[in-house]
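Inspection log for the structure reproduced underneath, given as structure tokens.
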Amino acid sequence: MSRIVVTGTDTGVGKTVFAAALTGALRAHYWKPVQAGLEDGSDTESVAALSGLPVDHILPEAYRLTTPCSPHRAAELDGIEIDPARLALPAHNPLVVEGAGGALVPVTRRILYADVFARWGLPVVIVARTELGTINHSLLTVEALRARGVSILGIAFSGDANEDSEATICAIGKVRRLGRLPHVPLTAPSLSSAFASAFRLEDFR
Ligand SMILES: Nc1ncnc2c1ncn2[C@@H]1O[C@H](COP(=O)(O)OP(=O)(O)OP(=O)(O)O)[C@@H](O)[C@H]1O
Ligand SMILES: C[C@H](N)[C@H](N)CCCCCC(=O)O
Ligand SMILES: [Mg+2]
């Protein structure tokens with residue numbers, strides 16, 4: 001079975017929506033270790049609603065921070081420092097783990113998400129937009145992860161088709177195109193069906 005990390009080229013690119021679909025398709029457990037920003041609902045709540053899975057597949061966060069900003073700063077604003085020892089992976093398998101923002105977002109002032117991914121030693125899926133600007137953001141993300149020895153499972157695009165940008169990223173970055181999740185109504189059944197049409201489950205096993 002598989003334990004997979006979902007990162008992205010930026011915040012708001014569709015990691016949570018993709019992770020909900022993947023978690024549901026694998027009947028995995030989902031874990032968002034650090035939630036920064038509580039007012040508009042958490043990623044954990046979104047995945048609980050969108051994955052179609054029983055709630056016991058949705059694991060509690062290690063940190064729930066008030067402010068919607070970088071976790072290192074959100075922690076400071078709440079008067080704490082994130083202890084990387086508390087970010088030990090849960091034993092569940094299959095497991096889908098979501099970062100926050102992009103791969104070089106700081107967890108503390110000394111440790112970035114990419115460093116944590118390297119410690120975990122799990123393969124990473126990069127969620128990338130298809131809009132203009134994605135080639136640069138995607139290739140930067142690929143380089144940053146490889147520089148830290150993180151294994152990249154592939155790229156999951158999010159949004160409208162952009163055939164040349166998607167192919168260019170995968171060719172120059174030497175990275176597998178896993179598929180593209182189009183924008184769909186955010187319900188569990190529509191997400192599940194869009195994921196099944198766009199991705200091959202065996203790529204994640
Ligand atoms: N496949 C999709 N279909 C419909 N809407 C989507 C899809 N992907 C993303 N969105 C929209 O974009 C918003 C941001 O996506 P999402 O929350 O998945 O981003 P994220 O990368 O997880 O951000 P964060 O860094 O905060 O965790 C969603 O709330 C939703 O409105
Ligand atoms: C608040 C947001 N939705 C995420 N939880 C955290 C995004 C951190 C991005 C930091 C940055 O790259 O500047
Ligand atoms: Mg998210």
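Atoms within a ligand are numbered from 1 in the order they appear, just like the ligands themselves.
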Starting from [Y], can I reach [X] by hopping between I/L/V/M/F/W/Y residues whose side chains sit under 4.5 Å apart?
X      : Y      : answer
Val13  : Val5   : no
Ile169 : Val142 : yes
Ile82  : Val105 : yes
Leu38  : Tyr30  : no

**Report entry** Exercise check, heavy-atom protein proximity under 4.0 Å to atom 29 (O) of ligand 1
**Finding:**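 It does not: no protein heavy atom is found less than 4.0 Å away from atom 29 (O) of ligand 1.
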
Query raised in the report: Would a search of protein heavy atoms around atom 13 (O) of ligand 2 find one under 4.0 Å away?
Result: no

Hey, could you give me the [atom1]/[atom2] distance between [X] and [Y], rounded to the nearest 0.5 Å?
X      : Y      : atom1 : atom2 : value
His183 : Ser190 : NE2   : OG    : 12.0 Å
Leu140 : Asp10  : CG    : CG    : 11.5 Å
His72  : Arg110 : NE2   : CZ    : 11.0 Å

Query raised in the report: What is the ring orientation for His57 with His29, classed by angle as parallel under 30°, tilted 30 to 60°, or perpendicular over 60°?
Result: parallel

Under 3.5 Å: N/O of [X] near N/O of ligand 1:
X      : value
Gly101 : yes
Gly14  : yes
Val13  : yes
Asp10  : no
Gly99  : no

Distance to 0.1 Å, residue and atom name: give those for the protein heavy atom nearest to [atom].
atom                    : result
atom 31 (O) of ligand 1 : Leu186 CD1, 4.0 Å
atom 2 (C) of ligand 1  : His183 CD2, 3.4 Å
atom 12 (O) of ligand 1 : Gly12 O, 4.4 Å
atom 1 (N) of ligand 1  : Pro182 O, 3.1 Å
atom 8 (C) of ligand 2  : Ser70 CA, 3.8 Å
atom 4 (C) of ligand 1  : Val184 O, 3.2 Å

**Report entry** Residue pair Arg64, Glu61: steps toward the salt bridge (Lys or Arg N to Asp or Glu O under 4.0 Å) verdict
**Finding:** CA-CA 6 Å; Arg64 289 171 55 82; Glu61 303 95 334; 3.2 Å; yes

Requested in this report: With heavy atoms under 4.0 Å as the rule, classify the contact between Val127 and ligand 1 as side chain, backbone, both or neither.
Outcome: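 Answer for Val127: neither.
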
Query - Part of Ser46 with heavy atoms under 4.0 Å of ligand 1, whether side chain, backbone, both or neither - result: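 Neither part.
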
Query - Contact check, side chains of Thr7 and Phe117, non-hydrogen atoms, under 4.5 Å - result: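 With C-beta onward as the side chain, the pair touches.
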
**Report entry** Pairwise side-chain contact, Arg177 with Ile155, heavy-atom cut-off 4.5 Å (strictly under)
**Finding:** no

Query raised in the report: Would you call Glu202 and Arg205 a salt bridge, using N to O less than 4.0 angstrom?
Result: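 Result for this pair is no, no salt bridge flagged.
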
Query raised in the report: Is the closest basic N to carboxylate O distance between Asp203 and Arg200 below 4.0 Å?
Result: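 Between Arg200 and Asp203 there is a salt bridge, with a charged N closer than 4.0 Å to a carboxylate O.
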
Any idea which of [options] brings a heavy atom closest to [atom]?
atom                    : options                    : result
atom 2 (C) of ligand 2  : Thr11, Thr67, Val34        : Thr11
atom 10 (N) of ligand 1 : Leu191, Thr11, Thr7, Val17 : Val17
atom 17 (O) of ligand 1 : Thr16, Val47, Asp40        : Thr16

**Report entry** Any N/O pair Pro68/ligand 2 closer than 3.5 Å
**Finding:**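 For ligand 2, there is no N or O atom that lies under 3.5 Å from one belonging to Pro68.
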
Query raised in the report: Under 4.0 Å from any heavy atom of Lys32, which atoms of ligand 1 are there?
Result: 27 (O)

Query raised in the report: Quick one: which ligand 1 atoms are inside 4.0 Å of a heavy atom on Glu98?
Result: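 In order of numbering, the contacting atoms are 22 (O), 27 (O).
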
Report task. Give the intermediate values and the outcome of side chain to side chain contact (heavy atoms under 4.5 Å, CB included) for residues Glu81 and Thr108. Result -> CA-CA 7 Å; Glu81 182 174 346; Thr108 70; 4.1 Å; yes

Report task. Check the surroundings of atom CD in Glu131: do more than 12 heavy atoms from other residues, nucleotides or ligands lie under 6.0 Å from it? Result -> yes

Query raised in the report: Taking the six-membered ring of Phe157, is NZ or CZ of Arg129 closer than 6.0 Å to its centre and within 45° of its axis?
Result: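 Checked: cation-pi criterion not met.
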
Under 4.0 Å from a heavy atom of [X]: give me the atoms of ligand 2 that qualify, with their elements.
X      : answer
Val105 : 9 (C), 10 (C), 12 (O)
Cys69  : 1 (C), 6 (C)
Ala36  : 1 (C), 5 (N)

Query raised in the report: Is the distance between the Mg ion (ligand 3) and the nearest N/O/S atom of Thr11 smaller than 2.8 Å?
Result: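 Coordinating: no.
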
Report summary line: To the Mg ion (ligand 3), the closest N, O or S atom belonging to Asp43 is OD2

Query raised in the report: Of all N, O or S atoms in Glu98, which has the smallest distance to the Mg ion (ligand 3)?
Result: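 Checking each N, O and S atom of Glu98, the shortest distance to the Mg ion (ligand 3) belongs to OE2.
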
